[in-house]
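Note sheet for the following structure.
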Protein chains: 2
Amino acid sequence: MTEYATTRIQRKNQALIFEAALDVFSSFGFRGATLDQIASTAGISKPNLLYYYPSKEAIHSAVLTKLLHTWLAPLREIDENGDPIEEILLYVINKLHAARDLPRESRLFANEIVQGAPRIKSILETDLRHLVEDKVKILSKWIKQGRLAKIDPYHLIFSIWSLTQHYADFDVQVQAVTGHETSFDEAEVFLNHLYRRMLAP
Amino acid sequence: MTEYATTRIQRKNQALIFEAALDVFSSFGFRGATLDQIASTAGISKPNLLYYYPSKEAIHSAVLTKLLHTWLAPLREIDENGDPIEEILLYVINKLHAARDLPRESRLFANEIVQGAPRIKSILETDLRHLVEDKVKILSKWIKQGRLAKIDPYHLIFSIWSLTQHYADFDVQVQAVTGHETSFDEAEVFLNHLYRRMLAP
DNA sequence: AAAATGTTTGACCGTTTGGTAAAATTGACG
DNA sequence: CGTCAATTTTACCAAACGGTCAAACATTTT
């Protein structure tokens, strides 16, 4: 057995810890989460938890970095060679479905960013920034070609983030105001109307 | 002097505490804020802080309830007798200016809501819900009269909240991606385009 | 100026928190 | 089965936390 192999037990526990950490961090933020809570959610003891990760920071960091890729995947898919409006709408709908299906991931990042992103600021300034720059170039080209309305491509991307993630991050408010479970079908109809109207050249 | 009078010193300290609490709670959330931090920001000692408020919860609650009215003021101003699109755009711009001028207030509520609004859920379900119901009626009437596009009025309101507050709540991300201070003028142009296009009957 | 009231502080308390040490237990494997 | 490494637990620690208390200090009232 080599130095870097992971045992069956390690894999099982790391998966348990990951799920528990995502649960707890997304619900209470970094500061609000406790190791005891993560440990008991994972069904293990606190010292056992710290056998797998050296510190609370390390757990948080592991969860954030592992999920960042998943979280940005839909944006990567915007294809230069596709139809502008359909490509953007596909992104919008993919992000909306992500808000519906992965609300914990959404809240994890929301919690971090609303408090100044102290632990992922550098990633936002490099990886995310480069990715957005790439896509902004494509959007700008489309606009120049007259295939999209003349809008600021940065704000277009921000609008998609805010409108879709709102249904995950502020779901309690949405439910409190409407009085029932959030209807993602209604949201989809609404966003479809919004973006088709806004983006038409 | 009557039983309920406030002295000069009380007024001064309560103002200091309020500012400090808003600063700290909006930056770190309820759990992340500490009494020591609030006290030292206010320039007083912790026991002195607790001379004015009985507990951390009480400070947080005082700040939240005092600001809720301010925070909802722009929505109240939507006027049944005005021009639909202009009334809505006025609300959008007012909310955007609130995000620019009162980012602490915005983040205070964002922090609370993203973690499930444990301390203001009941207010959201009553006061906020009733206010929104009122305005939804007006919007529905406008739509029925053919003066607005056929959209879900609830989602219209949610979209305004998310698009405007995004510039306050997720400002670090916006700045990390663009590389410069957030331009609220650009945001205003963008939102103006978005809502005029979307709302036209 | 004295008394009464209002304000501030240092010292302290019990609990929670992130984290550690070492022993005990379990599992892998020849 | 025995041995060695991997895993888990018990008991614990120091710091940070929300909060208390009684005494000191300041201000207002008589």
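Letters A, B, ... mirror the listed sequences (proteins, then strands); counts begin at 1. No hydrogens, no waters, no symmetry mates; every other heavy atom, side chains included, goes into these values.
The ring-ring contact (aromatic ring centres under 6.0 Å, His included) check on A:Phe190 picks up B:His155, with sequence neighbours excluded. In terms of the salt bridge (Lys or Arg N to Asp or Glu O under 4.0 Å) criterion, A:Asp152 has no residue partners (sequence neighbours excluded). Every side chain to side chain contact (heavy atoms under 4.5 Å, CB included) that B:Glu80 has, sequence neighbours left out, goes to B:Ile138, B:Lys141. For B:Lys66, the salt bridge (Lys or Arg N to Asp or Glu O under 4.0 Å) test picks out no residue, with sequence neighbours left out. By the side chain to side chain contact (heavy atoms under 4.5 Å, CB included) test, A:Ser140 pairs with A:Val136, A:Pro153, sequence neighbours left out. With sequence neighbours left out, the ring-ring contact (aromatic ring centres under 6.0 Å, His included) criterion links B:Trp161 to B:Phe158.
What separates CZ of B:Arg11 from P of C:dT7 is a distance of 11 Å, to the nearest Å.
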Check residues 34-45 of chain A and write down every donor-acceptor pair under 3.5 Å in which the side-chain atom is one partner and the other belongs to a residue at least two apart or another chain.
unit_1	atom_1	unit_2	atom_2	d
A:Thr34	OG1	A:Gln37	N	3.1
A:Thr41	OG1	A:Gln37	O	2.7
A:Ser45	OG	A:Asn48	N	3.3

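Shown for residues 16-24 of chain A: no residue has heavy atoms falling under 4.0 angstrom of DNA chain C. DNA chain C is contacted by no residue of residues 114-121 of chain A, taking any non-hydrogen atom closer than 4.0 Å.
Residue pairs meeting the salt bridge (charged side-chain N to carboxylate O under 4.0 Å, His left out) criterion with at least one member in residues 165-182 of chain B: none, sequence neighbours excluded. Among residue pairs with one or both ends in residues 127-136 of chain A, those qualifying as salt bridge (charged side-chain N to carboxylate O under 4.0 Å, His left out) are A:Arg129-A:Glu133; sequence neighbours excluded.
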Exercise for the section: Would you mind building the protein contact string for nucleotides 11-17 of chain C? One character per nucleotide, 5' to 3', B for base within reach (heavy atoms under 4.0 Å), S for sugar-phosphate only, - for untouched. Expected result: B-----S
